[in-house]
Number of protein chains: 2
Amino acid sequence: MDKTHALTAFGALSQPTRLDVLRLLIRAGDTGMAAGEIATALGARQNTMSANLGVLMQAGLIRNARQGRSIRYFADLEGLRGLLAFLMEDCCGGNPAACQPLLDTITCPS
Amino acid sequence: MDKTHALTAFGALSQPTRLDVLRLLIRAGDTGMAAGEIATALGARQNTMSANLGVLMQAGLIRNARQGRSIRYFADLEGLRGLLAFLMEDCCGGNPAACQPLLDTITCPS
DNA sequence: TCCATATATCATGAAGTATTGATATATGGC
DNA sequence: GCCATATATCAATACTTCATGATATATGGA
């Protein structure tokens, strides 16, 4: 994850529909969702959603796989990890003491 | 941190100069940097930088404090934490098992 | 009060981005 | 091969964002 890639990813996440898509796909987990399902679930038109899925793909935040006539999309948690690590790297590299409490509060509630 | 706030923050981070500013201020730590210093360090013009600092302020990613004639800016780690927690919340809520390895890799290298 | 320094705001033009209707491509079933 | 379904691409318009020159505001010192 270099700076250019991070910028692309942040840009992808700075649009309401796309942020919704990523959250939806994270919840969908390994099952993923077909492009059409996603569009229906979020009340977006087919071609608009296709364009937005393309942006998220480009950003490395989602993946896809054809399944019959549909194309299923999945959250790319590895891509998300890379983005967060990019921010954390800056934080920890420059100021570990101030950074640690920040990380401590980000934990799975389970 | 609601969705609207997260969108503003992601938008703020999707611009090269602003991403550089945040990284710079994170490294500067509690000392912070004056607006003019930041502009000089990143090779940006005064008013352009002022506008970009305003965007980061609006997004809750940096803070400022007047010090004499200068205004010093600081990274707002609490704001950054809120943004990351917003993403993590989605992740952990929907898929704790897949999410944990992601969190495990984000640790301070120190 | 006057001047110099430091930063913010305003108005404008240029560039990028989103959405849309229309159309194209790809897959599966008959 | 033909049709229906599913998704992607294209071209155009509207919208937003960015950087800039010019100007305004605020602070400190003489």
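Lettering follows sequence order; numbering is per chain, from 1.
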| Nearest of dG21(D), dA26(C), dA18(C) to any side-chain atom of R66(A)? | dA26(C)
| query | At under 4.0 Å between heavy atoms, what does S70(A) touch on the DNA or RNA strands: base, sugar-phosphate, or nothing? | reply | sugar-phosphate
| task | Can you tell me which residue pairs pass the side-chain hydrogen bond (donor to acceptor under 3.5 Å, both in side chains) test with a partner in residues 42-56 of chain B, sequence neighbours excluded? | result | R18(B)-N52(B)
| request: Could you tell me the separation between the CD atom of Q15(A) and the P atom of dT17(C), rounded to a whole number of Å? | output: 12 Å
| task | Return the value, rounded to whole Å, for the distance between atom CG of N64(B) and atom C1' of dA6(C). | result | 13 Å
| note | Residue pair A51(A)/A51(B) against DNA chain C: nearer the 5' end by closest nucleotide is A51(B)
| task | Take the protein atom CD of Q46(B) and the nucleotide atom P of dA8(C), then report the distance between them rounded to whole Å. | result | 7 Å
| task | Round to a whole Å and report the spacing from CD1 of I71(A) to C1' of dG28(C). | result | 14 Å
| Under a 4.5 Å side-chain heavy-atom rule over Ile, Leu, Val, Met, Phe, Trp and Tyr, are M1(B) and L87(B) clustered together? | yes
| request: Using a 4.0 Å heavy-atom cut-off across all strands, classify N47(B) as base, sugar-phosphate, or nothing. | output: base
| For Y73(B) and dA6(C), is the shortest distance between a side-chain N/O and OP1 or OP2 below 4.0 Å? | no
| said: At 4.0 Å (heavy atoms only), tell me whether R18(B) reaches a base, stays on the sugar-phosphate, or touches nothing. | reply: sugar-phosphate
| said: Taking the nucleotide of DNA chain C with the nearest heavy atom to each, does G68(A) or E37(B) sit closer to the 5' end? | reply: E37(B)
| Expressed in angstrom and rounded to an integer, what is the separation of L19(B) atom CG from dC18(D) atom P? | 13 Å
| If we only count heavy atoms from C-beta on, is the V21(B) to L61(B) side-chain gap below 4.5 Å? | no
| remark: In whole angstroms, the gap separating P of dA8(D) from CD1 of I62(A) amounts to 9 Å
| task | Report the distance from atom CE of M33(A) to atom P of dT7(D), rounded to the nearest whole Å. | result | 11 Å
| message | Are the side chains of L13(A) and L13(B) in contact, using a 4.5 Å heavy-atom criterion? | response | no
| said: Need one value for T48(B): base, sugar-phosphate or nothing, where a base atom within 4.0 Å counts as base even if backbone is also close, heavy atoms only. | reply: base
| query | Say you draw a straight line from CG of D30(A) to CZ of R72(A); how long is it, rounded to the nearest 0.5 Å? | reply | 11.5 Å
| Taking side chain as C-beta onward, heavy atoms only, is R23(A) less than 4.5 Å from F86(B)? | yes
| task | Pick base, sugar-phosphate or nothing for A34(B), based on heavy-atom distances below 4.0 Å to the nucleic acid. | result | sugar-phosphate
| remark: The bend of the helix from dT1(C)-dA30(D) to dC30(C)-dG1(D), taken between the axes of its five terminal pairs at each end and rounded to 10°, is 30°
| Given side chains that start at C-beta, do those of L53(A) and I71(A) come closer than 4.5 Å, heavy atoms only? | no
| Quick one: which of dG21(C), dC18(D), dT7(D) gets closest to the side chain of R45(A)? | dG21(C)
| Over how many whole Å does the gap from F10(B) atom CZ to dT16(D) atom C1' extend? | 20 Å
| said: With a 3.5 Å distance limit and no angle check, can you tell me whether R81(A) reaches the backbone of L83(A) through a side-chain donor-acceptor pair? | reply: no
